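Start at 1 and go down the list; that is how both ligands and their atoms are numbered. Heavy atoms only: backbone and side chains are in, while hydrogens, waters and symmetry mates are out. Remember, predicted model here, so these are calculated numbers, not experimental data.
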Amino acid sequence: MRLAVNGLLTSLLCVSAAIPTFAADNVTFSDDERTSIISHGPWPPKVSLDPSNRVSGNKSAIAFGRELFRSRFLSASRQHSCITCHKPNAAYADGLALSSGVTKVDRNTISLANLRLNRWYGWDGGSDNLWAQSIRPILDARELNATPALIAKRLRNDPPFSRGYQSSFKTSPNAHDDEQVLVNVGKALAAYQETVVTPRTIFDDFRDALARKETKQAKPYPETAKRGLKIFIGKGKCGLCHQGPNFTNGEFDNAGVRYFKPSGGIDKGRFGGIQKLKKSPYTLLGRFNDDPKNSLGVATRHVARSHQSWGQFRVPSLRNVLRTAPYMHDGSLAILKDVVQHYSTLNEERLHLDGGGLLRRLDLTDIEIDELVAFLETL
Ligand code: HEC
Ligand code: HEC
């Protein structure tokens with residue numbers, strides 16, 4: 001998979017090297033197009049601390065969370081850790097179609113970055129906050145396979161981890177409330193993960209130059225990428241779902257990917273995510289939310305399953321997307337060109353839309369497909 005991506009990159013580099021650098025750049029954008037492009041920035045955006053997590057932004061908790069993230073301490077067998085699947089040198093993903101802990105799971109590992117911008121977490125939005133999403137793999141039998149009692153016991157009895165806990169929460173692990181100890185582990189993990197932000201790219205330089213109405217950019221943006229960008233905001237309608245600076249509207253949709261699980265059965269997507277959310281003790285509506293005003297909990301109270309939420313998945317961010325292959329919730333598309341081809345030859349019948357669907361088969365030419373890929377690679 002990785003080789004395929006590298007191969008593609010190399011061939012694209014060769015193509016761009018073949019284009020003479022003095023070629024006149026004749027891609028121009030209308031005022032409406034300019035407005036759309038500017039809406040995909042600025043980057044990095046300003047983010048606030050998480051009011052539901054009292055250690056969000058806390059230096060000791062970030063250091064403690066980093067230790068926990070890398071340690072096998074959180075897995076029942078002491079054989080796995082978060083970095084089994086979220087490898088820091090692989091964009092905090094694992095490059096596999098389907099990830100594997102104790103056993104194989106049904107979904108593709110989500111690359112961890114820019115997490116403060118999410119409204120919902122997981123492909124199905126099964127969590128409404130980052131600390132709960134961080135607890136999920138600890139308890140999942142296929143991933144780290146632990147229990148609240150096991151994690152609390154280990155923390156109480158392990159002096160270095162106990163000290164990390166103490167310096168983060170100004171109290172030692174509670175002797176009677178296992179769930180509280182587990183949630184605080186999730187909160188330290190969240191504080192650490194919030195610090196992972198993708199860097200600015202040449203797209204951001206181009207976007208800022210447009211916003212400043214500069215005709216000559218300090219750093220040139222390739223003409224093929226500009227053509228791809230035109231398709232992205234234009235006839236591709238990609239920007240309708242992949243909106244804003246993080247290239248996602250943060251909600252759920254159906255992009256025509258199969259929802260039969262590779263292991264058999266059906267992945268209910270958002271429908272199942274809402275079921276999980278309603279049952280979980282770890283949401284913004286529960287006792288572990290540190291925000292007395294609970295400003296964000298309203299959405300959790302009102303979210304409801306509908307026929308439409310069957311087979312919907314979260315619209316993923318496209319930041320850093322070149323590095324997060326393979327793609328889609330089931331990792332079924334290996335490289336970016338496959339994704340663009342998927343949209344180009346989309347089987348509209350598979351979308352089971354209740355009217356109002358935004359996606360249509362695009363029938364792009366080979367050149368347009370390459371241009372759209374070239375644009376995505378600049379993110
Ligand atoms: C066995 C592989 C595996 C392990 C181990 C694992 N994860 Fe994940 N992670 C995944 C998969 C797969 C998803 C997507 C889950 C889904 O949507 O069903 C995911 C999703 C996430 C997300 C959601 C990101 C987003 O944008 O919504 C976070 C946060 C996360 N993991 C944190 C962690 C932490 C913290 C640990 C360690 C305690 C961990 N993961 C351990 C595979 C793993
Ligand atoms: C109707 C909303 C919608 C539109 C329009 C849309 N997408 Fe998507 N996109 C999604 C959803 C939802 C997913 C995840 C689907 C899944 O996993 O089942 C996705 C996934 C992707 C992915 C995979 C990212 C990853 O990390 O796995 C890429 C790349 C992508 N879209 C690019 C595009 C491009 C390019 C266009 C325009 C041609 C486009 N999208 C149009 C909703 C949309």
Side-chain angles (χ1 to χ4, degrees), residues 65 68-71 74-75 80-86 92-94 96 98-115 117-118 120-127 130-140 142-144 146 185-186 189-190 192-193 228 231-233 235-243 247-249 251-259 267 269-270 272-273 276 311-318 320-322 324-333 336 338-340 342-344 346 351 353 357-360 362 364 372-373 375-376 379:
L68 289 167
F69 194 83
R70 283 163 166 73
S71 156
L74 298 175
S75 99
H80 305 282
S81 67
C82 308
I83 63 173
T84 303
C85 304
H86 300 285
Y92 290 85
D94 55 13
L96 301 169
L98 301 174
S99 61
S100 187
V102 174
T103 57
K104 218 170 183 173
V105 304
D106 289 314
R107 294 199 184 143
N108 178 251
T109 299
I110 302 183
S111 154
L112 304 181
N114 314 320
L115 290 167
L117 301 177
N118 286 13
W120 307 103
Y121 295 85
W123 282 110
D124 58 9
S127 302
L130 183 54
W131 43 269
Q133 179 70 31
S134 307
I135 294 171
R136 188 202 63 80
I138 302 176
L139 302 182
D140 192 315
R142 299 164 305 176
E143 300 182 42
L144 304 180
V185 162
L189 283 166
Y192 162 62
Q193 294 169 89
I231 301 170
F232 189 88
I233 57 173
K235 75 170 177 187
K237 298 204 185 120
C238 316
L240 290 179
C241 298
H242 298 283
Q243 279 172 18
F247 289 86
T248 168
N249 58 9
E251 290 298 328
F252 302 83
D253 222 305
N254 183 330
V257 181
R258 62 165 186 218
Y259 44 87
D267 191 329
R270 182 58 175 149
K276 279 189 235 162
Q312 285 190 333
F313 293 91
R314 199 180 77 208
V315 177
S317 163
L318 301 180
N320 213 17
V321 70
L322 177 61
T324 66
Y327 303 102
M328 304 308 196
H329 72 272
D330 59 357
S332 56
L333 300 176
L336 279 176
D338 297 339
V339 179
V340 173
H342 163 82
Y343 284 109
S344 183
L346 195 72
L351 292 173
L353 304 169
L358 301 168
L359 282 171
R360 289 287 171 270
L362 294 173
L364 301 173
L372 197 42
V373 170
F375 162 65
L376 293 171
L379 299 179

Going by the closest heavy atom to atom 37 (C) of ligand 1, which one wins out of C82, A132, S127?
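Considering heavy atoms of C82, A132, S127, the nearest to atom 37 (C) of ligand 1 sits in C82.
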
Look at atom 10 (C) of ligand 2 and find which of Y343, F313, F252 reaches it with the closest heavy atom.
Y343

For L362, counting its heavy atoms only, list the atoms of ligand 2 lying under 4.0 Å from any of them.
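Atoms satisfying the 4.0 Å criterion: 38 (C).
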
I need the atoms of ligand 2 closer than 4.0 Å to a non-hydrogen atom of H329, numbered in the order shown.
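Reading through ligand 2 atom by atom, the close ones are 16 (C), 17 (O), 18 (O).
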
Using heavy atoms and a threshold below 4.0 Å, how should the contact between [X] and ligand 1 be classified: side chain, backbone, both, or neither?
X: L144; answer: side chain
X: P137; answer: side chain
X: L68; answer: neither
X: R142; answer: neither

Quick one: look at L240 and ligand 2, take heavy-atom pairs under 4.0 Å, and tell me if it's side chain, backbone, both or neither.
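The answer is neither; L240 stays 4.0 Å or more away.
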
Considering only heavy atoms, does Y259 approach ligand 2 within less than 4.0 Å through its side chain, its backbone, both, or neither?
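Under 4.0 Å from ligand 2, Y259 contributes no heavy atoms.
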
Which residue holds the protein heavy atom closest to [atom], what is that atom called, and what is the gap in Å?
atom: atom 12 (C) of ligand 1; answer: S99 OG, 3.4 Å
atom: atom 40 (N) of ligand 1; answer: H86 NE2, 2.9 Å
atom: atom 15 (C) of ligand 1; answer: R136 NH2, 3.9 Å

With a cutoff of 4.0 Å, is V340 in contact with ligand 2, counting heavy atoms of the residue only?
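False for this residue.
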
Min heavy-atom dist [X] to ligand 1 below 4.0 Å:
X: D106; value: no
X: H80; value: no
X: R314; value: yes

Going by the order shown, which atoms of ligand 1 are within less than 4.0 Å of some heavy atom of S81?
5 (C)

Could you grab the distance from atom SG of C85 to atom CG of L98, nearest 0.5 Å is fine?
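One gets 11.0 Å once the value is rounded to the nearest 0.5 Å.
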
Taking 2.8 Å as the cut-off, does an N/O/S atom of C238 lie below it from atom 8 (Fe) of ligand 2?
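False for C238.
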
Examine S317 against ligand 2 and note whether any of their N/O atoms are separated by less than 3.5 Å.
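Looking only at distances, the answer is no, because the N/O contact criterion of under 3.5 Å is not met.
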
How close do F232 and L376 get, counting heavy atoms only, and between which atoms?
CE1-CD2, 4.2 Å

Output yes when E143 and R136 qualify as a salt bridge under the 4.0 Å nitrogen-oxygen rule, no when they do not.
yes

